[in-house]
Amino acid sequence: MAEITKSYEPGEVERKWYAAWLEKDAFAAKVEPGRESYAIVIPPPNVTGVLTMGHVLNNTLQDILIRRARLEGKSALWIPGTDHAGIATQTVVERELRKEKKTRHDLGRDKFLEKVWAWREEKGGIILEQLRRLGASCDWSRTQFTMDPAYSRAVLSVFVDLYAKGRIYRGKRMVNWCPGSLTALSDEEVDMRPAKGFIYRVRYERVDQPGVFIEVKTTRPETIPGDVAIAVHPDDPRYHGWIGRKVRRPLGPEAEIPIIADAAVDREFGSGALKITPAHDRVDFEIGQRHKLAPIDVLNPDGTLNELAGPVLAGLERFAGRKKAAQILKDSGALVAEEPYENNVGYSERAGVPIEPRLTWQWWLRYPRVDEAKAAVSEGHIRFFPERWTKVYLHWLDHIQDWCISRQLWWGHRIPVWYRAGLDREKLTEADLRDPEKVHVSLDGPADKTGWVQEDDVLDTWASSWIWPLATLGWPNEVAMAKAGFEYFYPTTTLVTGPDIIFFWVARMIMAGLEFARPGEPLANCIPFKNVYFTGIIRDAQGRKMSKSLGNSPDPLDLIAKYGADGLRFGIVSIAPQGQDIRFQEDRIESGKNFCNKLWNACRFRQMSGPMADNSSVMAIYDRLRPADFDGDDHAILDRLLVTTREIDRCFAEFEFSAAVQALYGFFWNDFCDWYVEVSKTKLQSPALRDNCLAIQDLVLRQTLLMLHPFIPFITEELWRQLGYGSEGKFIEDARLSNASQIASYGLKLDEKAVEKVRVFKEFVFAIRQLKASIGLANSRDVEVYFRHQEAKFPVEYNLKDLSLYCGLAKVSKIRGSSEPAPEGAPAAVTPFGPAYLIVAIKADTAAEKVRLTKELETLAKHVASTQARLANESFVSKAPPAVLEGAKKQLADLQAKHAEVARLLAALG
RNA sequence: GGACCCUUAGCUCAGUUGGUUAGAGCGCUUCCUUGACAUGGAAGAGGUCACUGGUUCGAGUCCAGUAGGGUCCACCA
């Protein structure tokens, strides 16, 4: 066995073990009937993406769950993969093309797609390599891409199926049009942002009464050429004589438009009159429909104004057009006023430009299984962590709208619909769509494609990723499903994702699962996952979202280089409480690294302390224990190990990862290193005690490494081997983690009294250390302590040599009996064993001593008084539970005793 | 406009069903390189738990409201 080095160097250890894991297929999941399965599908990152801090958190948590499941003896499967990310990827490649002054239309569809695939081959999947650096234990042999042939067939078969069921239809409707990427977007892809601009008060002149005007307020004067009416509320007395009259459109081609009555108009807003522009506003469109008014579309797809806007505006970009329109209105006197105004404007999430409501033909999906999707969560088949997201989820499903699933892109799954050549798609009726002579819908298209033209649009990316848990397990191909272990692994166990895609992805996966997984079976068999853990969003130290444009996101690979993958993992998890956003601070990552070094050195100490014995199994170590020889510290550390194990079990059940990390940190650093390892140092000197002490250390380290392994896999794997817990060809994941009840069942009887004694003993040690520090002698060893031991009350079994060692003293002596006088004028403290006096060479500063003791006395007096007051309160005494009452009485007695002792010490100073 | 979350030490945050004197890490102060670790050890200072009421023997914790910050949803032009 090699000697453990003085400090932990992660780089080489990480490379070595990741290669070893891969070589031995350590992450390959097997179908093992009779054994519990634990499956996670990765939220597939964009194929063009690079690792961000968000990915680090998200994937570390998934890896923790997967590795823990392996240690618990489950067959664990983590499926990795990437998403083709339609708009994002197409935009990236188009940007490259633009450097050559080309557009995708210059290349044509086929050539362009070749280029995207080439890009994907070259740059895609970098992020998966980066996940390996982080230690992710995905089953890489199952890596999938949403545009893989089999996956694509699954996506298209869903379309064909839902079309056949009548859930998919084609319709000309108002959509969110992105003039940047020239495609429709779903409502979920639109961000509402407050925008500062102007609102324009414009007057329209009555045709039959020149000089009489009706005034409207609009933020979009450039759309006035698209106005087809002015609407007022039917009950608005101001306009009773107006309804049915006509006004002149003040901009664009000459036109007289009617004044109509519609209850959708808000009488309180502005003058109570609303201009109706059905082609460019959702509400206007609906009003237009009600009144059978044909829309006038004055915009081109790219957001420039077209000839219907009139010769002056035609060709202008929409915001330039707005300015120009305002100017024209002003010149003609139609503009009454222009006021600064702030309103919410929808922005394309991807392209970052304001969207346009636009009337276009699109494909729509009536969501299946909406009620079941609600029930799956509200009835607890799927549990959300934190639970509060269920409300958000249910609310969205309550108000769900049909999903616009078509995109005017090339990169994606081309919709499997073929039209008979020569058909005018603008005029297709519902009946035409169901006529197989005119429209063909199938996976592979018409047998003879001549005379047929395929739909140009592709599917929304989310219309492929919503079947991720299904298709990654081979669905719908039965051979592939058997091979992937669909029956065994579906439903998957836990999904780890951000709450920002709860609608985009989580809700839709649930509906897809319910519709397709196991038709006819109960909900619980159809859901795609049983738990959903929502992470927080990582923010910078100022609380801002991390983003590329702000440049406030550290590169995780730099952090790995600096602190090690384990340090990064430990650090990020420690600052990620459940359900709260995370404020990133690099010093937390540093303390993750420091923890690894501490762990490393504790194991190093073990190795240096004595010969390694049989560590090959937990029972082998138990056989080395000699419980009869256990002292209080042995009992105490094993007790703490048990308590910590229980706490970690609980944390995993509740998905409280940062609490788990904190519990492990506190146990290992404070209880084990700072106390047990220190007290071990005397035992290790004694041949009679040494082997038992080493066995206890081996037991504690073994359990600790197992509990830590999911969080910090590399270093624990290395130390597992170094300390002989595992042998060549085996990994730590091949071991089984004992939970708290299993440990308890091994038959170790822990002595509660011994544990309590250690607690009291520690209190003594802390009191002496504090006393020394208070006179500036924190580490000086050449001092002595005398204490008057109240043996009747505290029978102490520790020998005086141990006491002096732990307190850092030259010597400790007991004052025998009550007759022996206390050392005069010595600094003194009250300990659980009785008053203790410090004997120092230098003369103590009596005045300072008095101040110190007086302060302590005051504090004690305050606590005594408050406890007395509580006990004097009759309602407390009569109503508080007995345990609380007893506790208070004991507390009072202790405080009073201590108070009396301190008072005596103070009096002795004169 | 609606829903949800947050406000605890200088900073970032824990605090499970109400119950002794409210915790951790970092930072800060003092002391210490003794054979695991200075990526370390010992000790310490630092908090009217945002505010106002209420329930209760007892409130950081439960209830109502107020203020500030944040997120999501929503067709007011």
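Bear in mind that the values here come from a model prediction, so they are computed numbers and not experimental data. Reminder, nothing fancy here: chain letters follow the sequence lines and each chain counts from 1.
- For B/C26, neither phosphate oxygen OP1 nor OP2 lies less than 4.0 angstrom from any side-chain nitrogen or oxygen of A/Gln585.
- Annotation: cation-pi pair A/Lys275/A/Tyr204 absent, no NZ/CZ under 6.0 Å from the ring centroid and within 45° of its normal.
- At least one cation-pi condition fails for A/Arg640 and A/Phe667: the charged atom is not both under 6.0 angstrom from the six-membered ring centre and inside a 45 degree cone around its axis.
- Between A/Phe534 and A/Phe385, the gap from one ring centroid to the other reaches at least 6.0 Å.
- Spacing between B/A42 and B/G27 at atom P, rounded to whole Å, works out to 15 Å.
- Toward the 5' end of RNA chain B, the nearer of the two residues A/Ser866 and A/Lys598, judged by each one's closest nucleotide, is A/Ser866.
- For the pair A/Ile712 and A/Cys596, the tightest heavy-atom approach, listed with the atom from each and the gap, is CG2-SG, 4.2 Å.
- Remark: C1' of B/A42 and CZ of A/Phe764 are 16 Å apart, rounded to the nearest angstrom.
- No engagement by A/Val216 is indicated, since no non-hydrogen atom pair under 4.0 Å with the nucleic acid exists.
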Protein within reach of the bases, or only the backbone? For nucleotides 67-77 of chain B, mark each nucleotide 5' to 3' as B, S or -, using heavy atoms under 4.0 Å. ----S-SBBBB

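- In this structure, A/Ile589 places its CD1 atom 13 Å from C1' of B/C26, rounding to the nearest Å.
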Go through A/Phe657 and A/Tyr533 one step at a time and tell me if the side-chain contact (heavy atoms from CB on, under 4.5 Å) criterion holds. CA-CA 11 Å; A/Phe657 301 104; A/Tyr533 178 86; 3.8 Å; yes

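- Atom CG of A/Leu871 is separated from atom C1' of B/U20 by 11 Å (rounded to the nearest Å).
- Between A/Arg588 and B/U12 there is no side-chain N or O to OP1 or OP2 distance below 4.0 Å.
- Dashed line: the shortest gap from a side-chain N or O of A/Asn594 to OP1 or OP2 of B/C37 is not under 4.0 Å.
- For the C1' atoms, the distance linking B/G70 with B/C32 amounts to 46 Å, nearest Å.
- Contacts of A/Cys673 with the nucleic acid, taken as non-hydrogen atoms under 4.0 Å apart, include base atoms.
- A gap of 24 Å separates the P atoms of B/A24 and B/G18, to the nearest Å.
- Nucleic acid contact class of A/Gln891 (heavy atoms, under 4.0 Å, all strands): base.
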Candidate pair A/Arg583 and A/Asp540, rule salt bridge (charged side-chain N to carboxylate O under 4.0 Å, His left out), full reasoning: CA-CA 6 Å; A/Arg583 199 103 22 141; A/Asp540 68 6; over 6 Å; no

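- A/Pro881 comes within contact range of at least one nucleobase, with a heavy-atom separation under 4.0 Å.
- Taking the six-membered ring where the residue is Trp, A/Phe595 and A/Trp669 present tilted rings, their angle falling between 30° and 60°.
- Taking 3.5 Å as the limit, the base of B/A42 and the side chain of A/Glu678 contain no donor-acceptor pair of atoms between them.
- Pairing each heavy atom of A/Leu771 with each of A/Pro827, the nearest pair is CD2-O, 3.8 Å.
- Pairs of residues two or more places apart, or lying in two chains, that qualify as side-chain hydrogen bond (donor to acceptor under 3.5 Å, both in side chains) and include a residue from residues 656-668 of chain A are A/Arg650-A/Glu656.
- Following rounding to the nearest Å, A/Lys391 (NZ) and B/G2 (P) show an atom-to-atom distance of 14 Å.
- When the P atom is used for both B/C13 and B/U21, the distance is 29 Å, rounded to whole Å.
- Atom name C1', nucleotides B/G65 and B/G19: the rounded distance is 27 Å, in whole Å.
- The nearest pair of heavy atoms linking A/Pro357 to A/His280 is CG-O, 3.5 Å.
- When the C1' atom of B/U16 is taken as reference, atom CG of A/Asp649 falls 16 Å away, rounded to whole Å.
- Following rounding to the nearest Å, A/Lys855 (NZ) and B/G44 (P) show an atom-to-atom distance of 12 Å.
- Stretches of at least 3 consecutive Watson-Crick or G-U wobble pairs, with each checked distance under 3.5 Å, appear in RNA chain B as B:1-7 with B:67-73, B:10-13 with B:23-26, B:28-32 with B:40-44, B:50-54 with B:62-66.
- Here A/Phe595 lies out of heavy-atom contact (under 4.0 Å) with every strand.
- Counting heavy atoms of neighbouring residues, nucleotides and ligands inside a 6.0 Å radius, atom NZ of A/Lys681 exceeds 12 of them.
- For A/Arg604, whose side chain is taken as the heavy atoms from C-beta onward, the closest listed nucleotide among B/C57, B/U39, B/A36 is B/A36.
- Using a 4.5 Å heavy-atom threshold, the side chains of A/Arg569 and A/Phe711 count as separate.
- Here A/Arg583 reaches the OP1 or OP2 of B/U12: one of its side-chain N or O atoms lies under 4.0 Å away.
- A close approach under 4.0 Å does not occur between any side-chain nitrogen or oxygen of A/Trp669 and OP1 or OP2 of B/C37.
- Across all strands, A/Leu895 comes closer than 4.0 Å to base atoms (heavy-atom distances).
- The residue A/Ala888 sits apart from the nucleic acid: no heavy atom pair falls under 4.0 Å.
- The nearest whole Å value for the distance from the CG atom in A/Leu838 to the C1' atom in B/A42 is 15 Å.
- With rounding to whole Å, A/Arg769 atom CZ is found 12 Å from B/G41 atom P.
- Checking B/A36, B/C26, B/U39 against the side-chain heavy atoms of A/Val677 singles out B/A36 as nearest.
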